[in-house]
Amino acid sequence: ENSHPPSPSGAGTRSSMGESKGLAFVGCAGCTCLWIVIVIIGVLANIKTLTRDEQMVIEYLSGKEVINGPITKVMNPFRETTRRKVLNLNSLQWVRIKDTLNGGVRVEVGTAKLFMGAYEEAPEGIKSKSVIKKDQFIRLVDRLTGAERIIIGPDSFVPGPWEESNQGIEQASFINRDSAAIILNKANGQTRLHTETGPFVPGPFEYVLEMRNIVRVLESETMVIRNAFGRYELKSGSDPGSSSFFLAPYEAVVDMEWSTFSEPPEGGQQIISRETISRIDMRPRKVFYQYNVRTRDNVALKIEGTVYWKIDDVVKLLEMTSDPTGDVWYKARNALVSTLGEVDMQTFMGNFNPLIKAGFLAQAGDSFYAERGISVQSMEVTRYDCLDAQVANSLQAIIEETTNRINQLQMQKSENDVKFAKLKSDILLEKEQEVLVRTQAANDILTAQRDGEAMGVQLAKAASTFIDALNASLPDDVQTRVEIFRLQKALDTQNERTRHMGSEKATLFLTPENMNLQLNNEAW
């Protein structure tokens, strides 16, 4: 049975099974080679080379690891990696490093090559140092502890790990003689006034609330200050110690609301309003008034004028009133209404100035003013009108007549003044002429005296010369020489008379002595 040859169908089956095994072997070999190629490619792809300025962060299921360059290493392809640059800092740079594992923060300042840890990062990046100029400062607040520190220029600085500045670099406040600063210390809540001249830099927890200018008070002014305890203090310009000052913390100038009364316009009504007063003028003041009053005979009048008053004591004023101007105005109205209500219209027109003065004096001495620290000095009436049209027309006619009479009297007085001035001028002129005549007469006398003295000197000199010439002929007989001189002068005089008689206009007058005549006067 075994010697029989195999049939053709059995031989074909054994041949196909051999081919199948060959193909399976080839497929397995191919897969193995492909897997090997893939592994090689994966290994080659995960070979990482780090330079000296790089580092690699590898993340595992249990944490992170960092590898610093320079290095070449095959990385696990199933782990996430992050390549990052090393932080190179110079001398003017710094960086804030945050540890994401424990939340810690630190600051690194150059010069350095900084390799951060696996859990460290620099979210803000590299920053340059801040430079503070002269008269500048910066306030740094530690967010961890709340502490503050002040850095004053000129300087450069690096903040601490938890420090930050909300305001940035600030300019120092400059204090001079006319300015000061109100400083608040938030650590203890105290407020103080800083007046030292120069640039001012606040300390930790100190803040400048406001800048205040110096307050100067004129010599005629007084200011009221409310201090921190609510009490009033007076600053007077007449006091050298309080004529200029700074308002301390919690002090304020007291502003008062006083009435103000406008000057009544022509034919209009007075306006009453309010004004804010912070400086009290101690000089005499005036307030305009416009009152509607009635006389005893029921004549309605509108009277306008001025009241002059003065503040004497500010302390009493503050204690007793908040509106002294209104008090003066209303008190004067009461006095005027009371005074005019006791007289009729005719009496008022004839004596309104004495009446107003009497009413003023009656109310000026009232304790009402003394209690308020004020005094009224005078009251004047500048205008009055009748509110009734018929009475006003009658009053206008009387006023016109009175005005005409006054004008006529004034004209007559002017003429009399002119005549009187002319008479005074004439009298003065005559007196001056008398002085002129007397002066001329005195001058003529002086001239005649001078001419006479000159002629006398000339005659004396001629006589002396003539007598001395006879000294040789009559040396010892002076009397004879004098007689000869007299004879000579008599002959000269006779010759002069003869010359005048020979002139055409000569007139000859003879006396009995010249003619040697004797008249018979017995009949007389």
I'd like to know if the side chain of [X] and the backbone of [Y] have a donor-acceptor N/O pair within less than 3.5 Å.
X      : Y      : result
Gln290 : Gly268 : yes
Gln270 : Phe288 : yes
Glu430 : Ile427 : no
Thr222 : Ser236 : no
Glu304 : Arg383 : no
Lys129 : Ser91  : yes
Thr100 : Tyr119 : yes
Asn185 : Glu206 : no
Gln55  : Val66  : no
Ser338 : Asn334 : no

Donor-acceptor pair between [X] and [Y] side chains, under 3.5 angstrom:
X      : Y      : answer
Tyr250 : Thr191 : yes
Asp53  : Thr51  : no
Ser375 : Asp312 : yes
Glu257 : Thr276 : yes
Asp323 : Ser259 : yes
Gln408 : Asn404 : no
Tyr60  : Glu65  : yes
Glu233 : Asn227 : yes
Asp344 : Thr347 : yes
Asp327 : Thr321 : yes
Arg294 : Asn298 : yes

With side chains defined as the heavy atoms from C-beta onward, is the minimum distance between [X] and [Y] less than 4.5 Å?
X      : Y      : answer
Met256 : Val254 : yes
Ile303 : Leu336 : yes
Met282 : Val314 : yes
Ile71  : Ile67  : yes
Val253 : Val224 : no
Ile97  : Val105 : no
Leu301 : Thr295 : yes
Thr145 : Trp162 : no

After noting the C-alpha distance and the side-chain angles of Glu319 and Arg372, does the key distance pass the salt bridge (charged side-chain N to carboxylate O under 4.0 Å, His left out) rule? CA-CA 8 Å; Glu319 292 176 351; Arg372 286 160 173 76; over 6 Å; no

Within 45° cone of Tyr308 ring axis and under 6.0 Å: Lys286 NZ or CZ: no

Establish, for the pair Lys302 and Tyr384, whether the NZ or CZ atom is under 6.0 angstrom from the six-membered ring centre and no further than 45 degrees off its axis. no

Check whether the ring centres of Tyr291 and Trp329 lie less than 6.0 Å apart, and answer yes or no. yes

Closer than 4.0 angstrom, basic N to acidic O: yes or no for [X] and [Y]?
X      : Y      : answer
Lys422 : Asp426 : yes
Glu163 : Arg149 : yes
Arg438 : Glu434 : yes
Glu148 : Arg139 : yes

Test side-chain contact (heavy atoms from CB on, under 4.5 Å) on Leu234 and Leu318 and set out the steps. CA-CA 11 Å; Leu234 301 183; Leu318 294 174; 4.1 Å; yes

Within a 6.0 Å radius of atom [atom1] on [X], are there more than 12 heavy atoms belonging to other residues, nucleotides or ligands?
X      : atom1 : result
Ile271 : CD1   : no
Glu124 : CD    : yes
Lys113 : NZ    : yes
Glu219 : CD    : no

Applying salt bridge (charged side-chain N to carboxylate O under 4.0 Å, His left out) to Asp417 and Lys413, what does each step give before you reach the verdict? CA-CA 6 Å; Asp417 290 342; Lys413 182 179 178 181; 5.4 Å; no

CA sep, side-chain torsions, deciding dist, call: Trp94, Val107, side-chain contact (heavy atoms from CB on, under 4.5 Å): CA-CA 7 Å; Trp94 63 277; Val107 173; 3.9 Å; yes

I would like to know whether Gln440 and Asp444 meet side-chain hydrogen bond (donor to acceptor under 3.5 Å, both in side chains); could you show each step before the answer? CA-CA 6 Å; Gln440 290 177 346; Asp444 292 342; over 6 Å; no

Chi angles and distances behind the salt bridge (charged side-chain N to carboxylate O under 4.0 Å, His left out) call for Glu54, Arg83: CA-CA 7 Å; Glu54 293 179 329; Arg83 185 191 298 264; 2.9 Å; yes

Return the [atom1] to [atom2] distance between [X] and [Y], rounded to the nearest 0.5 Å.
X      : Y      : atom1 : atom2 : value
Ile374 : Asp313 : CD1   : CG    : 11.0 Å
Met223 : Phe245 : CE    : CZ    : 5.0 Å
Phe200 : Ser173 : CZ    : OG    : 7.0 Å

Of the options Arg106, Lys64, Arg84, Lys98, which is the one that meets Glu120 in a salt bridge (Lys or Arg N to Asp or Glu O under 4.0 Å)? Arg106

Evaluation steps, salt bridge (charged side-chain N to carboxylate O under 4.0 Å, His left out), between Glu164 and Arg96: CA-CA 12 Å; Glu164 63 180 11; Arg96 182 179 280 122; over 6 Å; no

Locate the shortest heavy-atom distance separating Ala122 from Met116; write the atom from each residue and the value. N-SD, 3.9 Å

Stepwise, does the side-chain contact (heavy atoms from CB on, under 4.5 Å) test hold for Ile150 with Ile138? CA-CA 6 Å; Ile150 303 294; Ile138 188 169; over 6 Å; no

Would Val315 and Tyr232 count as a side-chain contact (heavy atoms from CB on, under 4.5 Å) if you check the C-alpha gap in whole Å, the side-chain angles of each, and the deciding distance to 0.1 Å? CA-CA 9 Å; Val315 176; Tyr232 288 149; over 6 Å; no

How are the rings of Trp258 and Trp309 set to each other: parallel, tilted or perpendicular (split at 30° and 60°)? tilted

